[in-house]
Protein chains: 2
Amino acid sequence: MVERSPSVLDLTYAALADPTRRDILQRLRRAEARVTDIARPLPMSLNAVSKHIAVLERAGLVQREIRGRDHFLRAEPARLTEAERWIAEYTGFWERRADALAAHLETYPENPAAEGQA
Amino acid sequence: MVERSPSVLDLTYAALADPTRRDILQRLRRAEARVTDIARPLPMSLNAVSKHIAVLERAGLVQREIRGRDHFLRAEPARLTEAERWIAEYTGFWERRADALAAHLETYPENPAAEGQA
DNA sequence: CGTACGTTCCACCAAGTGGTTGAATGTTTT
DNA sequence: AAAACATTCAACCACTTGGTGGAACGTACG
């Protein structure tokens with residue numbers, strides 16, 4: 001087998017494919033937290049959570065800062081742009097958006113946003 | 001174990017996590033195709049491709065129409081909206097967009113788009 | 001110091017994945 | 001009817017995943 005290492009996109013989508021990990025990301029979106037804090041409300045062992053965090057970290061979706069015995073985690077939302085872009089391009093987001101813009105300009109040919117502003 | 005059935009989001013992201021399957025989707029975005037057509041350029045057996053297609057189908061990302069002995073597949077891009085929305089909400093897309101809108105309205109208080117349009 | 005705490009590492013297990021080959025099923029063609 | 005074609009099904013294999021429990025390691029605190 002060729003055994004290629006998985007791409008960023010592979011890691012990102014795989015990380016997002018688990019509800020526990022999406023949960024962890026949502027929690028980290030509000031504020032940074034320690035591993036134990038994240039694990040407390042979850043219905044599984046601390047070890048399992050530690051593994052989930054490792055998956056998110058490998059995908060670059062969270063970053064870890066070790067302060068003493070605590071590992072503080074924070075979300076890295078920028079790492080999702082590639083995943084977002086893939087879907088957007090696939091679904092033709094930009095084409096639809098271009099159509100909408102064209103329609104808009106046709107309706108409002110003198111929209112000030114289309115001209116240099118004061 | 002609780003053995004919950006995987007959510008749509010789970011299935012969607014899991015389906016997208018494999019480069020072969022993203023490849024298949026891109027190919028189907030242009031035009032419908034038969035299983036064999038999809039398999040031909042791919043470096044694996046027809047059976048393997050058939051399995052990948054099954055994964056995409058289970059996630060609702062492709063739909064199958066059987067005509068005689070041929071199975072024609074077509075992409076179902078609408079099924080990605082939920083996945084797209086999750087990322088967008090997570091990354092704060094709408095908040096950023098709201099900020100941009102507010103700034104825009106402040107700059108152009110009489111922008112026709114802000115009033116009921118004809 | 002010794003003990004508690006926070007986290008990971010290790011070994012294990014059941015289930016899933018991504019691939020293979022070969023057989024089976026159904027359809028079209030000759 | 002027989003052969004070729006399109007596709008899936010079934011069994012198998014190596015590897016990964018998501019969970020467990022216990023040991024280990026480093027840090028903080030009495």
Side-chain angles (χ1 to χ4, degrees), chain A residues 1-25 27-28 31-59 61-74, chain B residues 1-25 27-28 31-59 61-74:
Chain A
M1 250 184 270
V2 191
E3 192 60 51
R4 290 231 332 271
S5 69
S7 74
V8 172
L9 228 40
D10 295 347
L11 293 172
T12 305
Y13 285 132
L16 292 179
D18 187 286
T20 300
R21 289 194 289 265
R22 290 197 303 274
D23 226 58
I24 293 173
L25 283 180
R27 158 123 205 212
L28 285 177
E32 74 173 10
R34 300 174 309 151
V35 175
T36 311
D37 298 333
I38 291 170
R40 193 169 311 114
L42 295 176
M44 69 190 66
S45 73
L46 179 66
N47 279 355
V49 174
S50 179
K51 280 192 186 180
H52 279 303
I53 290 169
V55 171
L56 291 168
E57 214 179 353
R58 211 176 312 130
L61 294 174
V62 317
Q63 214 168 355
R64 179 191 308 255
E65 188 190 345
I66 303 177
R67 296 205 282 272
R69 61 184 171 180
D70 300 312
H71 296 209
F72 286 88
L73 306 162
R74 60 172 211 280
Chain B
M1 250 184 271
V2 191
E3 190 61 50
R4 291 234 330 270
S5 70
S7 75
V8 172
L9 227 41
D10 295 347
L11 293 172
T12 305
Y13 285 131
L16 292 180
D18 187 287
T20 301
R21 289 194 289 264
R22 289 197 301 274
D23 226 58
I24 293 173
L25 283 181
R27 158 122 203 214
L28 286 177
E32 72 172 11
R34 300 173 311 151
V35 175
T36 311
D37 299 332
I38 291 170
R40 192 169 311 114
L42 295 176
M44 68 189 67
S45 74
L46 179 65
N47 279 357
V49 174
S50 179
K51 281 191 186 181
H52 279 302
I53 291 169
V55 172
L56 291 168
E57 215 180 353
R58 212 175 313 131
L61 294 174
V62 317
Q63 214 167 354
R64 180 190 306 257
E65 188 189 346
I66 303 178
R67 297 205 281 270
R69 63 185 171 181
D70 300 311
H71 295 208
F72 287 87
L73 307 162
R74 60 172 211 280

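None of these values were measured; they are calculated from a predicted model. Below, read A as the first sequence line, B as the second, and so on, with proteins coming before strands; counting in each chain starts at 1.
- Distance CD1 (I66(A)) to C1' (dC5(C)): 16 Å, rounded to an integer number of Å.
- One N or O on the side chain of D18(B) and one on the backbone of T20(B) form a donor-acceptor pair closer than 3.5 Å.
- Side-chain atoms of R64(B) do not come within 3.5 Å of backbone N or O of H71(B) as any donor-acceptor pair.
- Whole-Å rounding puts the D37(A) CG to dC5(C) P distance at 15 Å.
- Counting to the nearest Å, the C1' atom of dT17(C) and the CG atom of D18(B) are 9 Å from each other.
- Taking side-chain N and O atoms only, S50(B) has a distance below 4.0 Å to OP1 or OP2 of dT8(D).
- The side chain of K51(A) has dG19(D) as its nearest neighbour among dA28(D), dG18(D), dG19(D).
- Of the candidates dC5(C), dT20(D), dG26(C), dG26(C) carries the atom nearest the R69(B) side chain, counting heavy atoms from C-beta on.
- Rounded to whole Å, atom P of dG22(D) lies 14 Å from atom CG of L46(A).
- Residue whose closest nucleotide on DNA chain C sits further toward the 5' end, between P43(B) and R34(A): R34(A).
- Not a single donor-acceptor pair, N or O on each side, falls under 3.5 Å between the base of dG18(C) and the side chain of N47(B).
- Not a single donor-acceptor pair, N or O on each side, falls under 3.5 Å between the base of dC5(C) and the side chain of D70(A).
- Using a distance-only test at 3.5 Å, with no hydrogens or angles considered, no donor-acceptor pair links the side chain of R58(A) to the main chain of A15(A).
- Here R21(A) reaches the OP1 or OP2 of dG18(D): one of its side-chain N or O atoms lies under 4.0 Å away.
- One can place CD of E57(B) at 12 Å from C1' of dT8(D), the figure rounded to the nearest angstrom.
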(message) Does D70(A) form a salt bridge (charged side-chain N to carboxylate O under 4.0 Å, His left out) with R67(A)? I'd like the steps, not just the answer.
(response) CA-CA 5 Å; D70(A) 300 312; R67(A) 296 205 282 272; over 6 Å; no
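- Rounded to an integer number of Å, the gap from CG of L56(B) to P of dT17(C) is 13 Å.
- Between the CZ atom of F72(A) and the P atom of dG6(C) there is a distance of 11 Å, given to the nearest Å.
- One interatomic measurement links the two molecules: CG of L42(A) to C1' of dT20(D), which rounds to 16 Å at whole-angstrom precision.
- Residue R67(A) is classed as having no contact, given no heavy-atom separation below 4.0 Å to the nucleic acid.
- OP1 or OP2 of dT20(D) sits under 4.0 Å from a side-chain N or O of S45(A).
- Atoms CG and CG, from L61(A) and L16(A) in turn, are 6.0 Å apart once rounded to the nearest 0.5 Å.
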